[in-house]
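Each ligand, and each atom within it, is numbered from 1 in the order the structure gives.
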Amino acid sequence: MKYTLEDQIVLITGGSQGLGKEFAKKYYNEAENTKIIIVSRSEAKLLDTCNEIRLKAHLRKETIDEGQVQHKLAAPLDVEQRLFYYPCDLSFYESVECLFDVLRDLDLLPTQTLCCAGGSVPKLFRGLSGHELNQGMDINYKTTLNVAHQIALAEQTREHHLIIFSSVTALYPFIGYSQYAPAKAAIKSLVAILRHELTNFRISCVYPGNFESEGFTLEQETKPQITKLIEGPSDAIPCAQACDIIANSLARGNDDVFTDLVGWMIMGMDLGLTIKKSRFVVLQWVFGVLSNILVVPFYMLGCSWYIRKWFRENDGKKAN
Ligand SMILES: NC(=O)C1=CN([C@@H]2O[C@H](COP(=O)(O)OP(=O)(O)OC[C@H]3O[C@@H](n4cnc5c(N)ncnc54)[C@H](OP(=O)(O)O)[C@@H]3O)[C@@H](O)[C@H]2O)C=CC1
Ligand SMILES: CCCCCCCCCCCCCCCC(=O)[C@@H](N)CO
(Lines give C-alpha, C1' and ligand atoms only; values in the text may rest on other atoms or scores of the structure.)
(Ligands and ions follow the chains in the order given, each with its own letter.)
Protein backbone atom coordinates (compact mmCIF):
# COMPACT_ATOMS: atom_id res chain seq x y z
CA MET A 1 0.00 0.00 0.00
CA LYS A 2 1.74 3.18 -1.18
CA TYR A 3 1.71 6.25 1.05
CA THR A 4 0.35 9.23 -0.85
CA LEU A 5 -1.22 12.52 0.25
CA GLU A 6 -3.77 12.69 -2.56
CA ASP A 7 -7.28 11.19 -2.73
CA GLN A 8 -7.37 10.26 0.93
CA ILE A 9 -9.65 10.73 3.92
CA VAL A 10 -7.16 11.22 6.73
CA LEU A 11 -7.90 11.25 10.44
CA ILE A 12 -5.22 13.02 12.49
CA THR A 13 -5.37 12.70 16.27
CA GLY A 14 -3.47 15.41 18.12
CA GLY A 15 -4.04 17.62 15.09
CA SER A 16 -4.57 20.87 16.99
CA GLN A 17 -0.84 21.58 17.33
CA GLY A 18 2.66 20.29 16.84
CA LEU A 19 3.33 17.43 14.45
CA GLY A 20 -0.35 16.62 13.91
CA LYS A 21 -1.00 20.20 12.81
CA GLU A 22 1.99 20.06 10.46
CA PHE A 23 0.57 16.94 8.83
CA ALA A 24 -2.84 18.61 8.49
CA LYS A 25 -1.14 21.55 6.74
CA LYS A 26 0.82 19.21 4.49
CA TYR A 27 -2.28 17.29 3.36
CA TYR A 28 -4.27 20.53 2.93
CA ASN A 29 -1.61 22.35 0.90
CA GLU A 30 -0.11 19.48 -1.09
CA ALA A 31 -3.25 17.52 -1.98
CA GLU A 32 -6.47 18.80 -3.56
CA ASN A 33 -8.83 15.84 -3.19
CA THR A 34 -8.00 14.80 0.34
CA LYS A 35 -10.35 15.37 3.26
CA ILE A 36 -8.68 15.94 6.63
CA ILE A 37 -10.26 15.50 10.07
CA ILE A 38 -8.24 16.78 13.01
CA VAL A 39 -9.18 15.63 16.52
CA SER A 40 -8.06 16.71 19.96
CA ARG A 41 -9.65 17.72 23.29
CA SER A 42 -9.67 21.49 22.83
CA GLU A 43 -12.27 22.83 20.39
CA ALA A 44 -10.71 26.30 20.63
CA LYS A 45 -7.29 25.04 19.49
CA LEU A 46 -8.87 22.95 16.74
CA LEU A 47 -10.85 25.94 15.47
CA ASP A 48 -7.78 28.17 15.49
CA THR A 49 -5.80 25.54 13.64
CA CYS A 50 -8.47 25.12 10.95
CA ASN A 51 -8.71 28.86 10.47
CA GLU A 52 -4.94 29.30 10.44
CA ILE A 53 -4.49 26.57 7.83
CA ARG A 54 -7.25 28.10 5.69
CA LEU A 55 -6.03 31.65 6.17
CA LYS A 56 -2.56 30.59 5.06
CA ALA A 57 -4.16 28.90 2.06
CA HIS A 58 -6.24 32.08 1.51
CA LEU A 59 -9.42 30.03 1.68
CA ARG A 60 -10.70 31.29 4.99
CA LYS A 61 -14.41 30.46 5.29
CA GLU A 62 -16.56 32.95 7.14
CA THR A 63 -18.87 31.59 9.83
CA ILE A 64 -22.37 30.67 8.65
CA ASP A 65 -25.60 32.18 10.08
CA GLU A 66 -26.31 29.54 12.72
CA GLY A 67 -23.05 30.44 14.41
CA GLN A 68 -21.67 27.06 13.41
CA VAL A 69 -18.36 27.25 11.65
CA GLN A 70 -18.34 25.37 8.43
CA HIS A 71 -15.54 23.05 9.35
CA LYS A 72 -16.92 21.40 12.49
CA LEU A 73 -17.61 17.81 11.55
CA ALA A 74 -21.42 17.63 11.56
CA ALA A 75 -24.40 16.89 9.32
CA PRO A 76 -25.16 18.15 6.78
CA LEU A 77 -21.63 17.88 5.55
CA ASP A 78 -20.41 20.80 3.49
CA VAL A 79 -18.91 18.76 0.69
CA GLU A 80 -16.91 21.80 -0.43
CA GLN A 81 -14.87 21.57 2.73
CA ARG A 82 -11.65 19.59 2.91
CA LEU A 83 -10.62 20.33 6.49
CA PHE A 84 -12.81 19.39 9.47
CA TYR A 85 -12.34 19.21 13.21
CA TYR A 86 -13.96 17.17 15.94
CA PRO A 87 -13.27 17.80 19.66
CA CYS A 88 -12.86 14.51 21.53
CA ASP A 89 -10.87 13.17 24.48
CA LEU A 90 -9.55 10.04 22.80
CA SER A 91 -8.50 8.46 26.11
CA PHE A 92 -12.18 7.60 26.71
CA TYR A 93 -13.29 4.67 24.57
CA GLU A 94 -16.94 5.79 24.47
CA SER A 95 -15.93 9.19 23.05
CA VAL A 96 -13.95 7.46 20.31
CA GLU A 97 -17.00 5.32 19.50
CA CYS A 98 -19.03 8.53 19.07
CA LEU A 99 -16.35 9.95 16.78
CA PHE A 100 -16.48 6.88 14.56
CA ASP A 101 -20.30 6.90 14.55
CA VAL A 102 -20.16 10.47 13.17
CA LEU A 103 -17.50 9.54 10.61
CA ARG A 104 -19.56 6.52 9.50
CA ASP A 105 -22.80 8.55 9.27
CA LEU A 106 -21.05 11.19 7.14
CA ASP A 107 -19.36 8.57 4.98
CA LEU A 108 -15.99 9.89 6.12
CA LEU A 109 -14.36 6.74 7.47
CA PRO A 110 -10.63 7.42 6.98
CA THR A 111 -8.31 5.70 4.51
CA GLN A 112 -5.32 6.85 6.62
CA THR A 113 -5.14 7.39 10.39
CA LEU A 114 -2.29 9.29 12.06
CA CYS A 115 -2.20 8.76 15.85
CA CYS A 116 -0.20 11.87 16.78
CA ALA A 117 -1.88 12.54 20.13
CA GLY A 118 0.67 12.25 22.92
CA GLY A 119 2.90 14.19 25.22
CA SER A 120 5.26 13.84 28.16
CA VAL A 121 5.81 15.33 31.61
CA PRO A 122 9.52 14.61 32.12
CA LYS A 123 10.22 14.50 35.87
CA LEU A 124 11.94 12.16 38.32
CA PHE A 125 9.55 9.38 39.32
CA ARG A 126 9.11 10.62 42.91
CA GLY A 127 8.37 14.12 41.60
CA LEU A 128 5.34 13.03 39.60
CA SER A 129 1.76 13.25 40.85
CA GLY A 130 -0.76 10.43 40.55
CA HIS A 131 -2.64 12.50 37.97
CA GLU A 132 0.49 13.05 35.86
CA LEU A 133 1.32 9.34 36.00
CA ASN A 134 -2.12 8.31 34.83
CA GLN A 135 -2.23 11.03 32.19
CA GLY A 136 0.94 9.47 30.75
CA MET A 137 -0.82 6.22 29.89
CA ASP A 138 -4.08 7.97 28.94
CA ILE A 139 -2.56 10.47 26.53
CA ASN A 140 0.17 8.31 25.01
CA TYR A 141 -1.24 4.78 25.01
CA LYS A 142 -5.01 4.81 25.43
CA THR A 143 -5.62 7.47 22.76
CA THR A 144 -3.80 5.27 20.24
CA LEU A 145 -5.30 2.01 21.52
CA ASN A 146 -8.89 3.30 21.34
CA VAL A 147 -8.55 4.79 17.86
CA ALA A 148 -6.69 1.73 16.50
CA HIS A 149 -9.42 -0.56 17.85
CA GLN A 150 -12.24 1.49 16.37
CA ILE A 151 -10.60 1.71 12.94
CA ALA A 152 -9.84 -2.01 13.04
CA LEU A 153 -13.55 -2.70 13.66
CA ALA A 154 -14.65 -0.18 10.99
CA GLU A 155 -12.30 -1.45 8.28
CA GLN A 156 -12.59 -5.23 8.13
CA THR A 157 -11.64 -5.67 4.48
CA ARG A 158 -10.71 -2.37 2.83
CA GLU A 159 -7.05 -1.32 2.85
CA HIS A 160 -6.11 1.13 5.56
CA HIS A 161 -2.84 2.83 6.51
CA LEU A 162 -2.48 3.19 10.28
CA ILE A 163 0.44 5.47 11.25
CA ILE A 164 1.28 5.36 14.95
CA PHE A 165 3.68 7.70 16.75
CA SER A 166 5.94 6.23 19.42
CA SER A 167 9.30 7.72 20.45
CA VAL A 168 13.00 6.88 20.58
CA THR A 169 12.45 6.56 24.33
CA ALA A 170 10.45 3.38 23.58
CA LEU A 171 13.71 1.89 22.26
CA TYR A 172 15.96 3.48 24.87
CA PRO A 173 14.07 4.48 28.05
CA PHE A 174 16.06 6.63 30.45
CA ILE A 175 15.86 8.72 33.62
CA GLY A 176 13.15 11.39 33.67
CA TYR A 177 10.74 9.72 31.26
CA SER A 178 8.94 7.29 33.61
CA GLN A 179 5.61 9.03 32.90
CA TYR A 180 6.05 8.65 29.14
CA ALA A 181 8.51 6.03 27.82
CA PRO A 182 6.63 2.96 29.16
CA ALA A 183 3.50 4.12 27.31
CA LYS A 184 5.50 4.56 24.10
CA ALA A 185 7.01 1.10 24.59
CA ALA A 186 3.48 -0.26 24.94
CA ILE A 187 2.68 1.33 21.59
CA LYS A 188 5.69 -0.47 20.04
CA SER A 189 4.37 -3.75 21.42
CA LEU A 190 0.83 -3.06 20.14
CA VAL A 191 2.17 -2.28 16.65
CA ALA A 192 4.00 -5.62 16.49
CA ILE A 193 0.80 -7.50 17.36
CA LEU A 194 -1.48 -5.51 15.06
CA ARG A 195 0.93 -6.22 12.19
CA HIS A 196 0.18 -9.92 12.76
CA GLU A 197 -3.60 -9.50 13.02
CA LEU A 198 -4.75 -6.65 10.76
CA THR A 199 -3.78 -8.21 7.44
CA ASN A 200 -5.63 -5.56 5.36
CA PHE A 201 -3.75 -2.76 7.11
CA ARG A 202 -0.39 -1.18 6.49
CA ILE A 203 0.87 -0.30 9.95
CA SER A 204 3.71 2.19 10.29
CA CYS A 205 5.36 3.17 13.56
CA VAL A 206 7.28 6.41 13.88
CA TYR A 207 10.03 6.78 16.50
CA PRO A 208 10.80 10.51 16.43
CA GLY A 209 13.80 12.08 18.06
CA ASN A 210 13.33 15.52 19.55
CA PHE A 211 11.53 18.13 17.46
CA GLU A 212 10.29 21.61 18.29
CA SER A 213 6.59 21.76 19.11
CA GLU A 214 4.31 23.23 21.73
CA GLY A 215 4.59 19.98 23.66
CA PHE A 216 8.37 19.96 23.46
CA THR A 217 8.58 23.55 24.70
CA LEU A 218 6.33 22.66 27.63
CA GLU A 219 8.23 19.53 28.61
CA GLN A 220 11.51 21.43 28.71
CA GLU A 221 10.16 23.28 31.76
CA THR A 222 10.09 20.18 33.98
CA LYS A 223 12.78 18.05 32.29
CA PRO A 224 15.61 17.15 34.73
CA GLN A 225 19.07 18.33 33.66
CA ILE A 226 20.36 14.73 33.55
CA THR A 227 17.59 13.88 31.07
CA LYS A 228 18.56 16.81 28.85
CA LEU A 229 22.19 15.65 29.02
CA ILE A 230 21.39 12.06 27.98
CA GLU A 231 19.13 13.13 25.11
CA GLY A 232 21.59 15.81 24.04
CA PRO A 233 22.65 13.97 20.85
CA SER A 234 19.06 14.28 19.60
CA ASP A 235 18.88 17.97 18.76
CA ALA A 236 15.31 19.27 18.43
CA ILE A 237 14.62 19.85 14.71
CA PRO A 238 11.83 22.09 13.39
CA CYS A 239 8.41 20.45 13.49
CA ALA A 240 7.83 20.98 9.76
CA GLN A 241 11.15 19.26 9.03
CA ALA A 242 10.18 16.27 11.17
CA CYS A 243 6.88 16.09 9.27
CA ASP A 244 8.65 16.11 5.89
CA ILE A 245 11.20 13.48 6.99
CA ILE A 246 8.42 11.18 8.19
CA ALA A 247 6.22 11.68 5.10
CA ASN A 248 9.16 11.04 2.73
CA SER A 249 10.17 7.93 4.65
CA LEU A 250 6.62 6.56 4.53
CA ALA A 251 6.46 7.32 0.79
CA ARG A 252 9.65 5.28 0.33
CA GLY A 253 7.83 2.33 1.91
CA ASN A 254 9.48 2.40 5.33
CA ASP A 255 7.25 1.36 8.22
CA ASP A 256 9.69 1.79 11.13
CA VAL A 257 10.47 5.46 10.79
CA PHE A 258 13.07 7.61 12.54
CA THR A 259 13.68 11.36 12.24
CA ASP A 260 17.40 11.60 13.00
CA LEU A 261 20.66 9.60 12.98
CA VAL A 262 20.43 8.91 16.70
CA GLY A 263 17.02 7.37 16.16
CA TRP A 264 18.39 5.21 13.30
CA MET A 265 21.25 4.03 15.52
CA ILE A 266 19.10 3.23 18.52
CA MET A 267 16.53 1.44 16.34
CA GLY A 268 19.42 -0.65 14.99
CA MET A 269 20.48 -1.59 18.51
CA ASP A 270 16.95 -2.72 19.29
CA LEU A 271 17.17 -6.18 17.73
CA GLY A 272 14.46 -8.41 19.25
CA LEU A 273 11.89 -10.55 17.44
CA THR A 274 10.54 -7.95 15.04
CA ILE A 275 11.65 -7.36 11.47
CA LYS A 276 12.29 -3.65 11.01
CA LYS A 277 11.19 -1.99 7.76
CA SER A 278 13.40 1.04 7.99
CA ARG A 279 15.87 2.89 5.81
CA PHE A 280 19.23 1.16 5.15
CA VAL A 281 17.87 -1.70 7.26
CA VAL A 282 20.72 -4.18 6.52
CA LEU A 283 23.38 -1.62 7.43
CA GLN A 284 21.27 -0.71 10.47
CA TRP A 285 21.15 -4.37 11.56
CA VAL A 286 24.91 -4.89 11.16
CA PHE A 287 25.52 -1.64 13.07
CA GLY A 288 23.14 -2.85 15.78
CA VAL A 289 24.84 -6.24 16.21
CA LEU A 290 28.34 -4.75 16.36
CA SER A 291 27.40 -1.87 18.66
CA ASN A 292 25.59 -4.25 21.03
CA ILE A 293 28.86 -6.15 21.42
CA LEU A 294 31.43 -3.37 21.22
CA VAL A 295 29.75 -0.16 22.40
CA VAL A 296 26.48 -0.59 24.30
CA PRO A 297 27.91 -2.38 27.40
CA PHE A 298 30.47 0.39 27.89
CA TYR A 299 27.95 3.13 27.16
CA MET A 300 25.47 1.70 29.67
CA LEU A 301 28.18 1.31 32.35
CA GLY A 302 29.28 4.88 31.74
CA CYS A 303 25.70 6.13 31.74
CA SER A 304 24.78 4.48 35.04
CA TRP A 305 28.02 5.75 36.60
CA TYR A 306 27.19 9.26 35.39
CA ILE A 307 23.61 9.08 36.73
CA ARG A 308 24.86 7.99 40.17
CA LYS A 309 27.38 10.86 40.11
CA TRP A 310 24.61 13.28 39.16
CA PHE A 311 22.46 12.14 42.06
CA ARG A 312 25.38 12.49 44.49
CA GLU A 313 26.05 16.00 43.27
CA ASN A 314 22.36 16.97 43.17
CA ASP A 315 21.16 15.24 46.32
CA GLY A 316 18.76 13.09 44.20
CA LYS A 317 15.84 13.23 46.65
CA LYS A 318 15.11 16.86 45.83
CA ALA A 319 16.76 17.21 42.45
CA ASN A 320 14.47 17.70 39.47
N1 LIG B 1 8.11 16.71 20.31
C2 LIG B 1 8.99 15.75 20.46
O3 LIG B 1 10.18 15.98 20.72
C4 LIG B 1 8.59 14.32 20.32
C5 LIG B 1 7.24 13.96 20.20
N6 LIG B 1 6.93 12.63 20.04
C7 LIG B 1 5.53 12.22 19.87
O8 LIG B 1 5.02 12.77 18.65
C9 LIG B 1 3.62 13.08 18.79
C10 LIG B 1 3.40 14.54 18.47
O11 LIG B 1 4.23 15.27 19.36
P12 LIG B 1 4.06 16.86 19.52
O13 LIG B 1 3.75 17.47 18.22
O14 LIG B 1 5.24 17.32 20.29
O15 LIG B 1 2.74 16.93 20.45
P16 LIG B 1 2.13 18.18 21.24
O17 LIG B 1 2.33 17.90 22.70
O18 LIG B 1 2.62 19.46 20.68
O19 LIG B 1 0.57 18.01 20.89
C20 LIG B 1 -0.09 16.88 21.39
C21 LIG B 1 -1.47 16.83 20.75
O22 LIG B 1 -2.21 15.76 21.31
C23 LIG B 1 -3.50 16.24 21.67
N24 LIG B 1 -4.00 15.45 22.80
C25 LIG B 1 -3.40 15.28 24.01
N26 LIG B 1 -4.16 14.48 24.79
C27 LIG B 1 -5.24 14.13 24.05
C28 LIG B 1 -6.39 13.33 24.31
N29 LIG B 1 -6.57 12.71 25.48
N30 LIG B 1 -7.32 13.19 23.33
C31 LIG B 1 -7.15 13.80 22.13
N32 LIG B 1 -6.08 14.57 21.82
C33 LIG B 1 -5.14 14.73 22.78
C34 LIG B 1 -3.28 17.72 22.03
O35 LIG B 1 -4.43 18.52 21.87
P36 LIG B 1 -5.41 18.89 23.11
O37 LIG B 1 -4.54 19.45 24.20
O38 LIG B 1 -6.37 19.87 22.51
O39 LIG B 1 -6.07 17.60 23.51
C40 LIG B 1 -2.27 18.10 20.93
O41 LIG B 1 -2.96 18.38 19.73
C42 LIG B 1 3.27 12.71 20.23
O43 LIG B 1 2.72 11.41 20.25
C44 LIG B 1 4.62 12.72 20.95
O45 LIG B 1 4.63 11.85 22.07
C46 LIG B 1 7.89 11.64 20.00
C47 LIG B 1 9.21 11.96 20.12
C48 LIG B 1 9.65 13.33 20.29
C1 LIG C 1 25.99 3.65 21.65
C2 LIG C 1 24.90 4.29 22.40
C3 LIG C 1 24.55 5.65 21.87
C4 LIG C 1 23.37 6.22 22.65
C5 LIG C 1 23.13 7.67 22.37
C6 LIG C 1 22.10 8.17 23.36
C7 LIG C 1 21.29 9.32 22.81
C8 LIG C 1 19.89 9.29 23.40
C9 LIG C 1 18.96 10.15 22.58
C10 LIG C 1 17.54 10.01 23.06
C11 LIG C 1 16.61 10.90 22.28
C12 LIG C 1 15.20 10.85 22.80
C13 LIG C 1 14.30 11.69 21.88
C14 LIG C 1 12.84 11.45 22.11
C15 LIG C 1 12.38 12.29 23.28
C16 LIG C 1 10.89 12.37 23.38
O17 LIG C 1 10.15 11.53 22.98
C18 LIG C 1 10.38 13.57 24.13
N19 LIG C 1 10.90 14.77 23.53
C20 LIG C 1 8.87 13.55 24.20
O21 LIG C 1 8.29 14.57 23.52
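Atoms of ligand 1 found under 4.0 Å from any heavy atom of Gly215, numbered from 1 in the order shown, are 16 (P), 17 (O), 18 (O). Close contacts between ligand 1 and Thr143 involve ligand atoms 28 (C), 29 (N), 30 (N) [criterion: under 4.0 Å to a heavy atom]. Each of the following atoms of ligand 1 lies closer than 4.0 Å to a heavy atom of Gly18: 13 (O), 18 (O). Within the listing of ligand 1, atoms 35 (O), 36 (P), 37 (O), 38 (O) sit less than 4.0 angstrom from a heavy atom of Lys45. Close contacts between ligand 1 and Ala117 involve ligand atoms 22 (O), 32 (N), 33 (C), 43 (O) [criterion: under 4.0 Å to a heavy atom]. Taking every non-hydrogen atom of Asn210 and a distance limit under 4.0 Å, the qualifying atoms of ligand 1 come out as 3 (O). Counting atoms of ligand 1 from 1 in the listed order, those under 4.0 Å from a heavy atom of Ser42 are 38 (O). Listed by number with element, the atoms of ligand 1 under 4.0 Å from a non-hydrogen atom of Phe216 are 1 (N), 3 (O).
Within the 4.0 Å heavy-atom cutoff, Cys116 counts among the residues contacting ligand 1. Remark: distances from the non-hydrogen atoms of Lys184 to ligand 1 include one below 4.0 Å. Residue contacts with ligand 1: Ser166 is included, with a non-hydrogen atom under 4.0 Å away. Close to ligand 1: Ile139, with a non-hydrogen atom less than 4.0 angstrom away.
Nearest protein neighbour of atom 27 (C) of ligand 1, counting heavy atoms only, is Arg41 NE, 3.5 Å. The nearest protein atom to atom 30 (N) of ligand 1, hydrogens excluded, is given as Leu90 N, 3.0 Å; this is a heavy-atom distance. Protein heavy atom nearest atom 15 (O) of ligand 1, with residue, atom name and distance: Gly118 O, 4.0 Å. Closest to atom 12 (P) of ligand 1 among all protein heavy atoms lies Ser213 OG, 3.6 Å. In terms of protein heavy atoms, atom 48 (C) of ligand 1 is closest to Gly209 O, 3.2 Å. At the shortest separation from atom 31 (C) of ligand 1 among protein heavy atoms lies Cys88 O, 3.4 Å. In terms of protein heavy atoms, atom 21 (C) of ligand 1 is closest to Gly14 CA, 3.6 Å. The single protein non-hydrogen atom nearest to atom 11 (O) of ligand 1 is Phe211 CZ, 3.6 Å, given as residue, atom name and distance.
By the 6.0 Å contact criterion, CZ on Phe125 is open, its count of non-hydrogen atoms from other residues, nucleotides or ligands being 12 or less. Within a 6.0 Å sphere centred on OH of Tyr299, heavy atoms belonging to other residues, nucleotides or ligands number more than 12. Within 6.0 Å of the CG atom in Leu261, the count of heavy atoms belonging to other residues, nucleotides or ligands exceeds 12.
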One line per pair, note the atom names and distance for all nitrogen or oxygen contacts under 3.5 Å between ligand 2 and the protein.
residue: ligand 2; atom: 17 (O); partner: Ser167; partner atom: OG; Å: 2.7
residue: ligand 2; atom: 17 (O); partner: Tyr180; partner atom: OH; Å: 3.0
residue: ligand 2; atom: 19 (N); partner: Asn210; partner atom: OD1; Å: 2.7
residue: ligand 2; atom: 19 (N); partner: Glu219; partner atom: OE2; Å: 2.8
residue: ligand 2; atom: 21 (O); partner: Glu219; partner atom: OE1; Å: 2.8

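Side-chain atoms of Gln8 never come within 3.5 Å of backbone atoms of Ile36 as a donor-acceptor pair (strictly under, hydrogens ignored).
In this pair, Tyr3 and His161 present their aromatic rings perpendicular. The plane angle is above 60°, beyond the 30 to 60° band. Aromatic ring orientation, His160 versus Phe201: tilted (interplanar angle from 30° to 60°).
One distance of note links CG of Asp235 with CG of Asp260; it measures 8.5 Å at 0.5 Å rounding. Atom CD1 of Ile151 is separated from atom CG of Leu194 by 12.5 Å, given to the nearest 0.5 angstrom. To the nearest 0.5 Å, atom OG of residue Ser204 and atom NZ of residue Lys277 are 8.0 Å apart.
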Hey, can you pull the donor-acceptor pairs under 3.5 Å for the side chains in residues 238-252, sequence neighbours left out?
residue: Asp244; atom: OD1; partner: Lys26; partner atom: NZ; Å: 2.8
residue: Asn248; atom: ND2; partner: Asp244; partner atom: O; Å: 3.1
residue: Ser249; atom: OG; partner: Asn254; partner atom: ND2; Å: 2.9

Using distance only, find each side-chain donor-acceptor pair of residues 99-108 under 3.5 Å and give its atom names and separation, not counting sequence neighbours.
residue: Asp101; atom: OD1; partner: Arg104; partner atom: NH1; Å: 3.1
residue: Arg104; atom: NH1; partner: Phe100; partner atom: O; Å: 3.4

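Between Lys223 and Tyr177, the side chains place a donor N or O and an acceptor N or O closer than 3.5 Å (distance only, hydrogens not considered).
Taking the six-membered ring for Trp and the full ring otherwise, the centers of Phe84 and His71 sit at least 6.0 Å from each other.
Here Lys25 does not pair with Glu30 in a salt bridge; the nearest charged N to carboxylate O distance is not below 4.0 Å. Under a 4.0 Å N-O distance rule, the pair Arg82/Glu32 does not qualify as a salt bridge.
The parts of Gln17 lying near ligand 1 are both backbone and side chain, judged by heavy-atom distances below 4.0 Å.
If you check each of Phe165, Phe92, Tyr180 against atom 46 (C) of ligand 1, the one with the closest non-hydrogen atom is Tyr180. The heavy atom nearest to atom 29 (N) of ligand 1, out of those in Asp89, Leu19, Leu46, is found in Asp89.
Here side chain to side chain donor-acceptor pair (under 3.5 Å) pairs that include residues 192-201, with residues two or more places apart or in two chains, are Arg195-Asp256.
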Could you walk me through whether Lys276 and Asp255 satisfy the salt bridge (Lys or Arg N to Asp or Glu O under 4.0 Å) test, starting with their C-alpha distance in whole Å, then the side-chain angles of each, then the deciding distance to 0.1 Å, before giving a yes or no?
CA-CA 8 Å; Lys276 301 280 189 312; Asp255 281 330; over 6 Å; no
